[in-house]
There are 4 protein chains.
Amino acid sequence: MSPKPDVSEERTEQIIEAALKVFAEHGVEKARMEDIGAEAGLSKATLYLYFKTKDVLIGVIMRRLFASMLHGFRVPDTGEGAVKEQLRQFAARLVAELRRMQPLLPLLYEFYAMGLRKSAAREVLGEFVAEFIAILAPVIGQGVASGELRAVDAEKVAIALGAMLEGTLLLWAFAPERVDLEAQMLYGTELLLSAL
Amino acid sequence: MSPKPDVSEERTEQIIEAALKVFAEHGVEKARMEDIGAEAGLSKATLYLYFKTKDVLIGVIMRRLFASMLHGFRVPDTGEGAVKEQLRQFAARLVAELRRMQPLLPLLYEFYAMGLRKSAAREVLGEFVAEFIAILAPVIGQGVASGELRAVDAEKVAIALGAMLEGTLLLWAFAPERVDLEAQMLYGTELLLSAL
Amino acid sequence: MSPKPDVSEERTEQIIEAALKVFAEHGVEKARMEDIGAEAGLSKATLYLYFKTKDVLIGVIMRRLFASMLHGFRVPDTGEGAVKEQLRQFAARLVAELRRMQPLLPLLYEFYAMGLRKSAAREVLGEFVAEFIAILAPVIGQGVASGELRAVDAEKVAIALGAMLEGTLLLWAFAPERVDLEAQMLYGTELLLSAL
Amino acid sequence: MSPKPDVSEERTEQIIEAALKVFAEHGVEKARMEDIGAEAGLSKATLYLYFKTKDVLIGVIMRRLFASMLHGFRVPDTGEGAVKEQLRQFAARLVAELRRMQPLLPLLYEFYAMGLRKSAAREVLGEFVAEFIAILAPVIGQGVASGELRAVDAEKVAIALGAMLEGTLLLWAFAPERVDLEAQMLYGTELLLSAL
DNA sequence: CATGAATGAGCCTTCATTCAT
DNA sequence: TATGAATGAAGGCTCATTCAT
């Protein structure tokens with residue numbers, strides 16, 4: 001209807017992507033709105049047409065990042081395959097996802113750090129963890145119910161698995177020469193599975 | 001030799017402690033040299049007599065933090081007790097250590113994030129991981145050698161255990177209402193032990 | 001002549017009224033063109049079709065305000081009534097006018113302040129003062145001529161009366177709990193009249 | 001005691017004077033902190049060591065200005081001279097004071113305008129008016145008590161006189177070619193006095 | 001040794017104004 | 001005529017760092 005096409009969604013996306021890139025590269029605090037604008041091919045002032053403050057932009061990026069991670073983890077149509085097989089596939093998917101996200105790792109940990117200071121950020125992270133558990137626990141619970149697994153505490157096992165995977169990522173991030181991300185994640189997963 | 005007692009070490013310590021506190025409270029980037037000085041009961045300018053720049057101070061604090069953590073983890077005189085028992089004790093010590101460090105958690109994650117950007121920081125973290133492995137792997141290796149454990153890859157298991165513990169800390173930090181740090185760490189440890 | 005009705009005058013009026021309102025509410029400097037547009041139900045850019053710059057718009061508003069004030073003051077068909085009575089009526093009309101303009105008072109004083117800096121604004125104010133005198137002096141002169149009043153300097157008296165009324169407004173504006181605008185203006189007028 | 005003399009009071013004064021000048025010249029809103037710094041021979045950042053924000057600085061300047069005006073007005077040792085004579089002297093002092101303050105007039109009116117918007121500023125102005133009345137009313141009251149003057153309402157007369165003087169200033173400011181400040185103030189004062 | 005004092009370099013945010021459609 | 005979109009130019013405020021005393 002309008003004489004001009006509405007570019008606002010496009011711009012928003014454009015800015016988010018630019019911000020994601022700049023944040024990942026320079027860190028959230030060091031990233032200047034000007035840089036983000038430049039990366040997006042827009043002027044600094046234009047950013048403020050789409051995001052009221054830098055903090056708002058940070059929040060959006062953060063939510064995006066975790067949502068995208070969760071999306072990658074989600075178990076697709078939990079068929080009837082053996083539970084252990086499903087968990088293996090989950091780990092494999094995670095590995096793939098993390099490989100994709102590797103350049104965003106520093107940003108991820110910045111958000112982790114932020115989550116421990118700003119309640120707004122913590123909320124997002126809390127939901128992330130809850131989602132994570134909500135994905136794994138039922139699968140394990142199913143295995144217990146069907147007798148495929150020992151009578152373990154499904155939620156605790158889910159957390160242990162998630163923790164091990166998350167922790168492996170961390171150790172690998174700091175000592176890639178000591179830790180082979182993929183092999184280690186799969187090995188750790190097998191280890192845990194053998195205990196079920 | 002000097003007619004006046006050398007207060008330099010004392011001052012250095014004083015500043016480090018103040019900085020640790022201020023960093024933990026406000027975050028590394030938000031912490032102002034002025035705040036640190038105030039906390040130490042010194043003037044902002046005086047800090048520069050002991051630390052050339054804020055970055056240097058950050059580095060020292062970081063090293064301190066990880067050294068202190070490692071110190072807490074180190075297995076004391078690995079007696080000949082069963083390996084599994086030693087690992088249980090390790091986990092227990094870690095839990096205790098983490099409880100002590102709880103107020104420093106945000107700072108810890110800030111350093112993690114930093115480690116992914118600044119090579120100087122990464123080095124410290126890499127050593128930390130290496131140390132971590134160096135503490136656990138031999139114990140596990142011993143267990144394998146003595147036949148107490150299955151013929152597992154000692155290093156990989158050490159990493160898996162460390163990862164799980166580290167990851168549990170993270171999940172707990174963001175969802176303390178879903179994760180009971182102590183119970184979960186011990187549970188996860190048992191789970192892994194039962195796989196060995 | 002144009003096939004479409006010329007809305008230009010209507011729009012201009014619409015904008016002026018919106019600007020007057022926004023200026024009065026937020027102050028001239030704080031008022032944003034965007035706000036004025038919003039108040040007028042127009043887009044910010046549209047304002048520029050009718051006023052080249054914000055300064056031009058300010059100038060127009062300023063002229064409007066003073067013209068409207070003068071209009072309210074003007075002595076209607078100075079009958080032959082006693083001069084003192086006419087001056088009383090003038091004061092009464094002024095009081096009424098000021099009551100109507102009360103919400104615009106901050107704006108009025110902003111224009112006063114502006115008048116002392118920008119020559120364009122000063123001009124408007126100079127004319128305002130001249131007009132003010134031009135209204136009162138002849139009436140007083142008449143009274144002197146007719147012998148109703150002492151042989152005073154009509155212009156000086158006019159200025160004194162105007163000044164007193166204007167000054168009363170100021171004092172009342174800042175200390176309404178100490179000054180009753182209407183009573184004080186009438187009292188002051190009587191005081192002056194009793195000196196004529 | 002300190003190895004260095006405390007320059008803080010000197011600096012504060014230095015900055016206030018610079019700010020007064022820059023505010024008077026460019027207007028409060030247009031004045032940039034940088035300009036004030038330059039005028040004071042200091043860097044912009046240094047200003048913030050002595051004044052937390054620009055608003056605080058504005059407030060201090062405003063208070064200064066009115067305090068200084070009041071100081072100039074204050075009746076010195078109200079001798080027993082005839083009341084009318086005292087009021088004449090008051091007017092004369094005011095004229096002198098205003099001549100001294102002439103360059104600050106635009107600033108004065110800016111503060112008047114501000115007083116109608118910001119409660120903090122209004123407070124200062126309210127006190128100013130109250131002080132003004134508190135200076136004049138007692139003198140007039142004395143005259144009434146002693147029988148020198150008619151039985152007038154001392155406070156109302158004080159306000160009327162103050163208003164006339166204040167108003168004269170305004171009219172003169174905008175039409176100096178029509179109004180002779182000194183002559184007009186004294187004329188207006190005489191007019192009022194002749195009514196008492 | 002200590003520090004009061006000062007500042008250069010930055011960064012976020014705002015807004016009057018422009019222009020393609 | 002109307003406007004959505006964009007921006008250049010500012011300006012307030014902060015802070016790590018320096019240095020004379």
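Letters go in sequence order (proteins before strands), and every chain restarts at 1.
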- Item | Of Ala45(B) and Asp55(C), the one whose closest DNA chain E nucleotide lies more 5' | Ala45(B)
- Item | Nearest-angstrom distance from the residue atom OH of Tyr48(B) to P of dA6(E) | 18 Å
- Item | Glu39(A) side chain vs Ala19(A) backbone, donor-acceptor pair below 3.5 Å | no
- Message: As a test of reading the structure: which of dG4(F), dA5(F), dT18(F) is closest to the side chain of Ser8(A), going by heavy atoms?
- Response: dA5(F)
- Query: Between dA16(E) atom C1' and Ile36(C) atom CD1, what is the distance in whole Å?
  - Reply: 11 Å
- Message: Would you compute the distance between atom CZ of Phe51(C) and atom CD1 of Ile58(C) and round it to the nearest 0.5 angstrom?
- Response: 11.5 Å
- Item | Residue met sooner reading DNA chain F from 5', once Met33(B) and Leu47(A) are mapped to nucleotides | Leu47(A)
- Item | Tyr112(A) and Tyr109(B) aromatic ring geometry - parallel, tilted or perpendicular at 30°/60° bounds | perpendicular
- Query: Within the pair Arg11(C) and dA2(F), is there a side-chain N or O less than 4.0 Å away from OP1 or OP2?
  - Reply: yes
- Message: Rounding to an integer number of Å, can you tell me how far Phe51(C) CZ sits from dA16(E) C1'?
- Response: 16 Å
- For Lys30(C) and dA16(E), what is the distance between atoms NZ and P respectively, to the nearest whole Å? 12 Å
- Task: In whole angstrom, give the distance that lies between atom NZ of Lys44(D) and atom P of dC13(F).
- Result: 10 Å
- Task: Using whole Å, report how far CZ of Arg32(A) lies from C1' of dC12(E).
- Result: 11 Å
- Item | Spacing of CD belonging to Glu13(B) relative to OH belonging to Tyr50(B), to within rounding of 0.5 Å | 12.5 Å
- Task: Identify which nucleotide among dT17(E), dG12(F), dA6(E) has an atom closest to any side-chain atom of Lys54(D), counting heavy atoms from C-beta outward.
- Result: dG12(F)
- Item | Distance test, side-chain N/O of Ser43(C) to OP1/OP2 of dG4(F), below 4.0 Å | no
- Message: Which heavy atom of Ala40(D) sits nearest to which heavy atom of Ile15(D), and what is that distance?
- Response: CB-CA, 4.4 Å
- Query: If every non-hydrogen atom of Gln14(C) is compared with every non-hydrogen atom of Leu42(C), which pair is closest and at what distance?
  - Reply: NE2-CG, 4.1 Å
- Nearest whole angstrom, please: distance from the P of dT7(E) to the OH of Tyr50(D). 9 Å
- Would a distance-only check, ignoring hydrogens and angles, find a side-chain to backbone donor-acceptor pair under 3.5 Å from Glu29(A) to Glu29(B)? no
- Nearest-nucleotide 5' precedence on DNA chain F, Gln14(A) against Gly41(C): Gly41(C)
- Query: Want to settle it: does Lys52(A) or Thr46(D) sit nearer the 5' end of DNA chain E, counting the closest nucleotide to each?
  - Reply: Thr46(D)
- Message: In whole Å, I'd like the distance from the CD atom of Glu34(B) to the P atom of dC13(F).
- Response: 17 Å
- Message: What contact category does Leu42(D) fall into here, base, sugar-phosphate, or nothing, at under 4.0 angstrom with non-hydrogen atoms?
- Response: sugar-phosphate
- Toss me the dot-bracket line for DNA chain F: Watson-Crick and G-U wobble, both under 3.5 Å, 5' to 3', using | for pairs to another strand and [ ] for crossers. .||||||||||||||||||||
